[in-house]
Protein chains: 2
Amino acid sequence: MNLKELARLLNLSQTTVSRALNGYPEVNEATRQRVLQAVKATGYRPNKAAQRLATGKAGSIGLVMPTGTGDGTDLHFAEFLSGLGEIAETNDVQLVIDPSRVGNEAMAFQRLAASGTVDALCLSYVRASDPRIDTLKSLRLPFLVHGRHVGSAPDYPFMDIDNCGAFRDAARLLLQLGHRRIALLNGLADLSFAARRHEGMGEALAEYGIALEEGFCQHTGMTEENGYRGTMRFLDMDEAPTAILCSSIVLALGATRAINQRGLKIGRDISLIAHDDVFPYLKPENFSTPLTTTTSSIRAAGARVAERLIGEAAGRKGLPQQEIWKADLIVRASTGPVPTRKRRGTGRHDEAAE
Amino acid sequence: MNLKELARLLNLSQTTVSRALNGYPEVNEATRQRVLQAVKATGYRPNKAAQRLATGKAGSIGLVMPTGTGDGTDLHFAEFLSGLGEIAETNDVQLVIDPSRVGNEAMAFQRLAASGTVDALCLSYVRASDPRIDTLKSLRLPFLVHGRHVGSAPDYPFMDIDNCGAFRDAARLLLQLGHRRIALLNGLADLSFAARRHEGMGEALAEYGIALEEGFCQHTGMTEENGYRGTMRFLDMDEAPTAILCSSIVLALGATRAINQRGLKIGRDISLIAHDDVFPYLKPENFSTPLTTTTSSIRAAGARVAERLIGEAAGRKGLPQQEIWKADLIVRASTGPVPTRKRRGTGRHDEAAE
DNA sequence: CGATCTATTCAAAGCGCTTTGGAGGAGCGC
DNA sequence: GCGCTCCTCCAAAGCGCTTTGAATAGATCG
């Protein structure tokens with residue numbers, strides 16, 4: 001069933017039927033109703049490809065899915081996607097995702113853009129320095145970056161959370177609790193959020209005249225395994241940290257395992273703060289010791305990104321170009337004052353820097 | 001840059017250029033090279049919408065993403081998607097995902113199908129009894145079901161793993177080790193894989209004359225929290241199970257937490273087997289006690305589904321219509337002989353049935 | 001009453017691609 | 001030289017939709 005048939009069926013021209021369907025004013029209300037009736041009766045659906053061809057609008061937004069990274073990226077991607085999806089659904093917009101091997105995304109973007117399958121593009125998993133942003137800028141499509149590069153001030157639309165502030169606040173809390181040796185289990189170093197969290201933590205330490213030593217930092221894929229290994233390495237140090245910041249709840253999972261295995265008690269012997277992207281299946285409040293977190297729903301971020309992207313594709317103006325959400329610092333039982341009596345290592349010991 | 005311009009540029013007709021690009025034989029190899037050169041130089045990409053309209057082929061496969069279920073579904077979906085994506089990428093096929101609120105998927109499928117944006121559809125997260133399959137059958141598009149309904153023999157193409165066999169084998173192993181009180185932490189009861197695993201476990205127990213009691217079964221979303229709670233409930237029983245089967249590694253995570261909290265030792269005091277979908281960020285071998293698992297990569301399944309779907313969309317015949325993969329039972333340290341001396345509860349105690 | 005609006009409707013021209021049905025020329029056998 | 005087949009290439013007809021530019025009819029007006 002296509003427009004032509006439908007029009008013939010109604011003894012109308014395609015023009016009129018098309019207009020009736022798309023809400024143009026120059027069609028009699030009675031005929032519009034007649035058309036709507038017929039649509040319902042026949043189950044007619046406009047062919048999207050034809051619509052695209054005719055209008056140039058695709059009715060979908062594109063995103064590039066990093067495939068097979070194996071670093072726990074997928075976990076966040078799924079949740080982000082879920083948020084995107086919710087908004088996309090209510091706006092009757094489809095998501096077309098172009099899977100692409102890492103390093104090949106620029107091509108994937110070009111393909112998506114040139115093929116005219118999407119009205120707007122979304123970039124996620126931004127690297128600290130990311131050439132894909134330039135690719136995006138060179139395309140003539142609206143786009144939105146989830147995250148932002150590090151260094152210069154971004155001159156493109158983005159939506160990001162205040163990773164720097166989050167980890168600054170988290171580190172401050174620990175410092176206020178008397179911790180001086182604080183370690184960081186971070187995501188891969190070239191990811192922008194990882195760089196920013198590192199930075200924020202460094203800032204807080206600096207306020208106490210402490211330097212963030214690289215020995216106290218791990219940059220890895222955010223898997224349970226890496227969380228475990230990193231924590232073990234920290235705990236094995238002569239001057240082991242009394243607190244650890246984790247860039248992901250999955251890392252915290254591994255950290256918890258390591259700490260438990262050592263017979264230490266989280267919140268008493270060692271403090272733990274993790275960034276929580278709010279996964280429904282793994283909640284920080286359900287850890288054996290409920291986890292203090294910096295919290296920001298990545299799903300909500302996805303929803304917001306979709307909202308803006310759809311708006312922009314529709315030509316709506318006046319949307320904020322750059323947006324940074326603060327993450328909440330939610331204190332639970334995994335943080336406590338620095339242990340006064342030594343349990344392991346040498347106990348309290350200020351590491352003044354500079 | 002479009003075909004017409006490109007053709008003019010080359011002093012060729014659109015026909016010839018189109019044919020050169022699509023690998024038709026009736027074009028001189030020399031001119032084909034010339035065309036290819038020009039494409040490279042100009043960065044020409046065929047407009048997908050136009051191609052779709054002309055050929056009726058969309059060059060993409062559609063899947064419906066269940067949105068906002070909050071039951072840990074997303075986790076598996078992401079990994080599955082990742083597998084789909086890998087194959088889709090190499091075949092230059094896009095994935096269009098239609099997010100849809102649960103219960104609304106039938107409409108989403110119809111929308112996808114009628115709009116002509118996809119060549120084939122994939123259904124995942126099959127329920128034990130699933131009306132969406134009928135929807136799919138009524139559409140005139142190739143489709144593939146990941147999973148299969150329970151009850152009658154499926155009369156549609158699917159790809160599934162042998163959930164029944166996997167949990168039968170797993171339960172058998174436990175039975176051989178002397179366990180008689182075995183519990184099940186399952187996914188939501190209306191999901192087909194959950195039903196099948198329940199069934200398989202029941203079969204194994206039946207071989208030993210044991211009935212699978214509902215008190216030993218939990219059907220919930222596969223979150224860490226539910227794993228923990230369920231396990232706690234089991235451990236609190238007078239006749240607590242000596243072994244637990246988990247339908248997901250995330251459930252096992254919660255189970256581990258509960259067991260540890262009780263001061264029990266996995267593999268000695270209580271045995272644990274989980275189904276492992278092979279998530280890169282959470283590996284059973286890295287649990288504090290490495291987990292015995294029934295293993296089948298959901299990513300590989302996604303890849304296979306994509307392969308078949310793409311083949312079918314291309315009209316390739318002779319592909320197997322129904323496919324069931326066996327899951328490997330990989331024994332690690334979380335399973336051991338049933339404890340002989342009682343630690344908790346009443347120790348060994350046969351619960352003969354019937 | 002002829003002229004000017006206004007409210008509806010329509011025919012036809014694309015959108016950028018594929019594909020059908022030739023056309024022109026080279027090569028061949030007779 | 002003629003008819004034939006091959007090999008290349010082309011013009012033009014769609015695919016199903018939107019949209020431009022008119023046409024028609026009824027209403028309004030001087």
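First the proteins, then the strands, lettered A, B, ... as listed; each starts at 1.
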S.K.: Which whole-number value in Å describes the distance from A:Leu53 CG to D:dT18 C1'?
M.R.: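 Interatomic distance, CG of A:Leu53 to C1' of D:dT18: 10 Å.
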
S.K.: Output the single nucleotide from D:dC17, D:dC9, C:dC17 whose closest atom is nearest the side chain of B:Val27.
M.R.: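 Within the option list, the nearest is D:dC9.
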
S.K.: Any heavy-atom pair between the side chains of B:Arg52 and A:Thr117 that's under 4.5 Å?
M.R.: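 Contact flag for A:Thr117/B:Arg52 side chains = yes.
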
S.K.: Any base atoms under 4.0 Å from A:Glu26, or only sugar-phosphate, or nothing? Heavy atoms, all strands.
M.R.: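 Base contact.
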
S.K.: Check every atom of C:dG16, D:dT18, D:dC9 against the side chain of B:Thr31 and return the nucleotide holding the closest atom.
M.R.: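 Closest nucleotide to the B:Thr31 side chain: D:dC9.
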
S.K.: Compare side-chain N and O positions of A:Asn2 against OP1 and OP2 of D:dG16 and report whether any pair is under 4.0 Å apart.
M.R.: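 So the side-chain polar atoms of A:Asn2 do come within 4.0 Å of the phosphate oxygens OP1 or OP2 of D:dG16, strictly under.
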
S.K.: Nearest to the side chain of A:Ala54, which nucleotide is it out of C:dC17, C:dT9, C:dC15?
M.R.: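 For the A:Ala54 side chain, the nearest candidate turns out to be C:dC15.
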
S.K.: Would you say a side-chain N or O of A:Asn22 is under 4.0 Å from OP1 or OP2 of D:dT18?
M.R.: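 So the side chain of A:Asn22 is within the cut-off, an N or O lying under 4.0 Å from OP1 or OP2 of D:dT18.
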
S.K.: Rounded to the Å, how far apart are A:Glu5 CD and D:dC15 P?
M.R.: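 One finds 11 Å between P of D:dC15 and CD of A:Glu5, rounded.
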
S.K.: Does B:Lys4, at its NZ atom, have more than 12 non-hydrogen atoms belonging to other residues, nucleotides or ligands within less than 6.0 Å?
M.R.: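 Atom NZ in B:Lys4 is not packed in, count stays at 12 or less.
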
S.K.: Please give me every residue in residues 11-20 of chain A whose heavy atoms get under 4.0 Å of an atom in DNA chain D, ordered by residue number.
M.R.: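 Output list: A:Gln14, A:Thr15, A:Ser18, A:Arg19.
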
S.K.: Grab the CZ-P distance between A:Arg34 and C:dT8 for me, whole Å please.
M.R.: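 After rounding, the reported distance stands at 14 Å.
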
S.K.: Would you say D:dT19 has OP1 or OP2 under 4.0 Å from some side-chain N or O of A:Tyr24?
M.R.: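 It does, given that an N or O in the side chain of A:Tyr24 lies less than 4.0 Å from OP1 or OP2 of D:dT19.
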
S.K.: Any side-chain heavy-atom pair from B:Val118 and B:Ile61 closer than 4.5 angstrom?
M.R.: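 No - every pair of side-chain heavy atoms lies 4.5 Å or more apart.
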
S.K.: Strictly below 4.0 Å: does A:Tyr44 bring a side-chain N or O up to OP1 or OP2 of D:dC17?
M.R.: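 Affirmative; the distance criterion is met.
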
S.K.: Establish, from distance only, whether the side-chain atoms of A:Gln33 and A:Gln37 form a donor-acceptor pair under 3.5 Å.
M.R.: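 Distance-only check fails for A:Gln33 and A:Gln37.
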
S.K.: Could you state the CZ-P distance from B:Arg8 to D:dC10, rounded to the nearest angstrom?
M.R.: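 Those two atoms, CZ and P, are 14 Å apart.
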
S.K.: Would you kindly give the CE-to-P distance between A:Met1 and D:dC17, to the nearest whole Å?
M.R.: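 Taking CE of A:Met1 and P of D:dC17, I get 10 Å after rounding.
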
S.K.: So how far is it from A:Ile161 CD1 to A:Asp277 CG, rounded to the nearest 0.5 Å?
M.R.: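 CG of A:Asp277 is found 6.5 Å from CD1 of A:Ile161.
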
S.K.: In whole Å, I'd like the distance from the CD atom of A:Gln51 to the P atom of C:dG16.
M.R.: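 Atom-to-atom, A:Gln51 to C:dG16, this comes out as 17 Å.
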
S.K.: Within the 4.5 Å heavy-atom criterion, are A:Leu123 and A:Val64 side-chain neighbours or not?
M.R.: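 In short, these two side chains do not touch, never coming nearer than 4.5 Å.
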
S.K.: Without decimals, in angstroms, what is the distance between A:Leu3 CG and C:dA11 C1'?
M.R.: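 Roughly 14 Å, once rounded to whole Å.
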
S.K.: Given atom CG of A:Leu6 and atom C1' of C:dC10, what is their separation to the nearest angstrom?
M.R.: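 Between C1' of C:dC10 and CG of A:Leu6: 16 Å.
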
S.K.: Before giving the answer on side chain to side chain contact (heavy atoms under 4.5 Å, CB included), spell out for A:Leu3 and A:Ser18 the whole-Å C-alpha distance, their side-chain angles and the decisive distance to 0.1 Å.
M.R.: CA-CA 8 Å; A:Leu3 231 210; A:Ser18 170; 4.1 Å; yes

